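What follows is one structure encoded as structure tokens, with my remarks underneath.
Chain identifiers are assigned alphabetically (A, B, ...) following the order of the sequence lines, protein sequences preceding nucleic acid strands; residue numbering begins at 1 within each chain. This is a predicted model, so every value here is computed, not measured. Keep in mind that the numbers below use all heavy atoms, side chains included, and drop hydrogens, waters and symmetry copies.
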Amino acid sequence: MKIKAINGFKDILPDEAVRWQYMEGVARDIFERFGAREIRLPILEKTELFARSIGEATDIVEKEMYTFPDKGITMRPEGTASLLRAFIEHGLHVQQPVQRLYTIGPMFRHERPQKGRLRQFHQMDVEVIGASEPRVDAELIAMGRMLLDELGISASLEINSLGCPECRPGFRRQLVSFLKERRDRLCRDCDRRIDTNPLRVLDCKNPDCRSQVQDAPSILDALCGPCDDHFAHVCRNLEALGVAYSVNRFMVRGLDYYTRTTFEFITGDLGAQAAIGAGGRYDGLIEQLGGPALPGIGFAMGMERIALLMEQQEVARPGPRMDLFVAALGEKAAGHAFPLVHQLRRQGLKVAMDHSGRSLKAQMKQAGRVNAAHTLIIGDNELQQQEAILRNMETREQETVPLQGTVTEQAHSLARRVRDNS
RNA sequence: GUGAGCGUAGCUCAGCUGGUGGUAGCACCGGGUUGUGGCCUCGGAGGUCGUGGGUUCAAGUCCCAUCGCUCACCCCA
């Protein structure tokens, strides 16, 4: 019985890792253009942290986390709670009034895996803490859009407002009574949802439920003055930045902590998992976690989903590329080449060499496979003449190069030649 | 937790109503080129047909069980 990775946990093989590195590089660059600084966080946290932030009674906390009950600790299901915990713990708010932070790493969910939905998944998470102005919402959303644009990924943007503790409860009551009147025309899941999570009925996939819900009261009509004003400004500021969006009054978030602005980047190319990135405002959460009364907003991008889209949409990515492949013919030449290769690497070159003493043909093939820009051929003849053949693999031009002096000197002049030549 | 589908070479897959596992494609190794890659050509290696049981003269193929994977539902971070 071969040992395999456990279900829902996936290896990212080298060919795919290239895509991930590219994605991460673009993301870091953009996050930093917006002034965000990286924060690295632990993967395990006290279970209580997630219970208090995500919501004690949510399915996530009740049954979908990787928890060690005897230890009272949990593998983080999302980044925001951990980030805020660290923010509060270290009093980062005293450093500057507004903090922009990002973190990239694995998260865990204990659920049946499906397409674009693994038990270990990865997110790129950005949070802006300490600012409640609608411009900040628009700026953050625009940053998400910029990231997807620069990765070459097309997705639509939907936004909504969930109101605040002032106006949401009223809307909730309104909605529940609306739904109860139509209880018999809703699917069984929605019938149950009326009691457990009525807002969820709004984005049920069942066509019957969808049509029933068309006439449901809109959260956007129920917003209090300040929330209504905030949302209007977010929309206006998105327009000022030229970010296209559509308002989806049915969009709901599963976490208890969201307030006001919520948004999702959506694609139709990933089966049932349409959201590739999502976020929202969480004014009040930091205080609830025992920190200062500061507002916050953030979003997370799902890296697996982005990687799948990059693959589907064939986003160009650089292949592997070695500067030089050293093909030595025979033991004597190999003995000479071995330290030379080491010196070339110290000079900063990416150098490969075969150690199995195979034919030149086989070694040339290998040079092609690692996409080497040049191949240095050293045989007994060359060795005697203190020279070698340098082949440009693209132009197929070859030149004889001297191998004189110490190994370091040889490496030095070779490195210069290879660099000038490419 | 629920439902459906699928497990044949490293990967992608043929294999019709049971009758000896495919010159299949990609990848790998070697020859054609006694010292020159990609293209071409010839050859080679590589398999407990997921596992266990059953039916049968005979099972990759049919039946049962089991494990694994995938997609979807619930939920959604």
Practice task
List for me each residue that meets salt bridge (charged side-chain N to carboxylate O under 4.0 Å, His left out) alongside Arg358(A), sequence neighbours excluded, and say none if there are none.
Solution key: Asp354(A)
Completion exercise
salt bridge (charged side-chain N to carboxylate O under 4.0 Å, His left out) filter on Glu382(A), not counting sequence neighbours, yields none
Practice task
Could you pull out all residues at least two apart from Arg119(A) that satisfy side chain to side chain donor-acceptor pair (under 3.5 Å)?
Solution key: none
Any idea which of [options] is nearest the [X] side chain?
X	options	value
Glu78(A)	A77(B), U70(B), C76(B)	A77(B)
Asp189(A)	A77(B), G37(B), C73(B)	C73(B)
Asn7(A)	A77(B), U36(B), U70(B)	U70(B)
Ala362(A)	A77(B), G30(B), G35(B)	G30(B)
Arg192(A)	G35(B), C74(B), G68(B)	C74(B)
Ser359(A)	G31(B), A77(B), U36(B)	G31(B)

To the nearest Å, how far apart are [X] [atom1] and [N] [atom2]?
X	N	atom1	atom2	answer
Leu360(A)	U34(B)	CG	P	11 Å
Leu84(A)	A77(B)	CG	C1'	14 Å
Arg369(A)	A27(B)	CZ	P	10 Å
Leu118(A)	C69(B)	CG	C1'	13 Å
Phe325(A)	G35(B)	CZ	P	16 Å
Lys63(A)	A77(B)	NZ	C1'	15 Å
Leu13(A)	G10(B)	CG	P	15 Å
Gln363(A)	C29(B)	CD	C1'	15 Å

Completion exercise
The complete set of salt bridge (charged side-chain N to carboxylate O under 4.0 Å, His left out) pairs with one or both residues in residues 323-341 of chain A, sequence neighbours excluded, reads none
Practice task
Measure the spacing between CE of Met251(A) and CD1 of Ile219(A) and express it to the nearest 0.5 Å.
Solution key: 11.0 Å
Exercise for the section: Could you point out which residue of Glu127(A), Arg37(A), Glu32(A) forms a side chain to side chain donor-acceptor pair (under 3.5 Å) with Tyr102(A)? Expected result: Glu32(A)
Handout entry: Residue list, side-chain contact (heavy atoms from CB on, under 4.5 Å) with Glu394(A), at least two apart or on another chain
Key = Arg321(A), Asn392(A)
Completion exercise
Residues passing the side-chain contact (heavy atoms from CB on, under 4.5 Å) test with Gln404(A), sequence neighbours excluded, are Gln386(A), Pro402(A)
Quick one: label [X] by what it contacts on the DNA or RNA (base, sugar-phosphate, nothing), any heavy atom closer than 4.0 Å.
X	value
Arg358(A)	sugar-phosphate
Ile389(A)	base
Gly302(A)	nothing
Glu382(A)	base
Ala367(A)	nothing

Practice task
Not counting sequence neighbours, list each pair that qualifies as a side-chain hydrogen bond (donor to acceptor under 3.5 Å, both in side chains) and has a residue in residues 137-155 of chain A.
Solution key: Arg33(A)-Glu150(A), Arg100(A)-Glu139(A), Asp137(A)-His230(A), Asp137(A)-Thr261(A), Asp137(A)-Arg281(A)
Fill in the blank from the handout: Quick note, side-chain hydrogen bond (donor to acceptor under 3.5 Å, both in side chains) partners involving residues 156-178 of chain A, not counting sequence neighbours, are Glu158(A)-Asn248(A)
Practice task
Please figure out whether Pro113(A) or Ala372(A) has its closest RNA chain B nucleotide nearer the 5' end.
Solution key: Ala372(A)
Completion exercise
Ranking Arg253(A) and Lys10(A) by the position along RNA chain B of their nearest nucleotide, the one closer to 5' is Lys10(A)
Is [X] close enough to [N] that one of its side-chain N or O atoms is under 4.0 Å from OP1 or OP2 there?
X	N	result
Asn197(A)	C76(B)	yes
Gln114(A)	U70(B)	no
Arg117(A)	A77(B)	no
Arg305(A)	C76(B)	no

Roughly how many Å apart are [M] and [N], using the [atom1] atom of each and rounding to a whole number?
N	M	atom1	answer
A9(B)	C49(B)	C1'	10 Å
G47(B)	A14(B)	C1'	15 Å
C28(B)	C11(B)	P	15 Å
U12(B)	C71(B)	P	13 Å
C39(B)	G19(B)	P	38 Å

Donor/acceptor link under 3.5 angstrom from [X] side chain onto base of [N]:
X	N	value
Arg109(A)	C76(B)	no
Glu64(A)	A77(B)	yes
Gln398(A)	U36(B)	yes
Asn381(A)	G35(B)	yes

Exercise for the section: Specify the closest pair of heavy atoms between Pro106(A) and Gln120(A), including all atoms of both residues, with the distance to one decimal. Expected result: CB-NE2, 3.4 Å
Handout entry: Distance-minimising heavy-atom pair for Val136(A) and Ala131(A)
Key = CG2-CB, 3.6 Å
All N/O donor-acceptor pairs, side-chain side in residues 285-294 of chain A, below 3.5 Å, sequence neighbours left out:
residue	atom	partner	partner atom	Å
Gln288(A)	NE2	Arg52(A)	O	2.6

Handout entry: For RNA chain B, the dot-bracket pattern of Watson-Crick and G-U pairs whose distances stay under 3.5 Å, | for other-strand partners
Key = (((((((..((((.....[..).))).(((((.......))))).....(((((..]....))))))))))))....
Set out, line by line, the N/O atom pairs under 3.5 Å between protein and nucleotides 38-40 of chain B.
residue	atom	partner	partner atom	Å
G38(B)	O6	Arg396(A)	NE	2.9

Exercise for the section: Would you please test His122(A) and Glu24(A) for side chain to side chain donor-acceptor pair (under 3.5 Å) and show each step? Expected result: CA-CA 11 Å; His122(A) 299 77; Glu24(A) 238 186 271; over 6 Å; no
Problem - Summary of protein contacts for nucleotides 1-6 of chain B, nucleotide by nucleotide, where a base hit scores B, a sugar-phosphate-only hit scores S (4.0 Å, heavy atoms) - result: BB----
Practice task
Say whether Gln273(A) and Gln114(A), considering side chains only, have a donor N or O and an acceptor N or O under 3.5 Å apart.
Solution key: yes
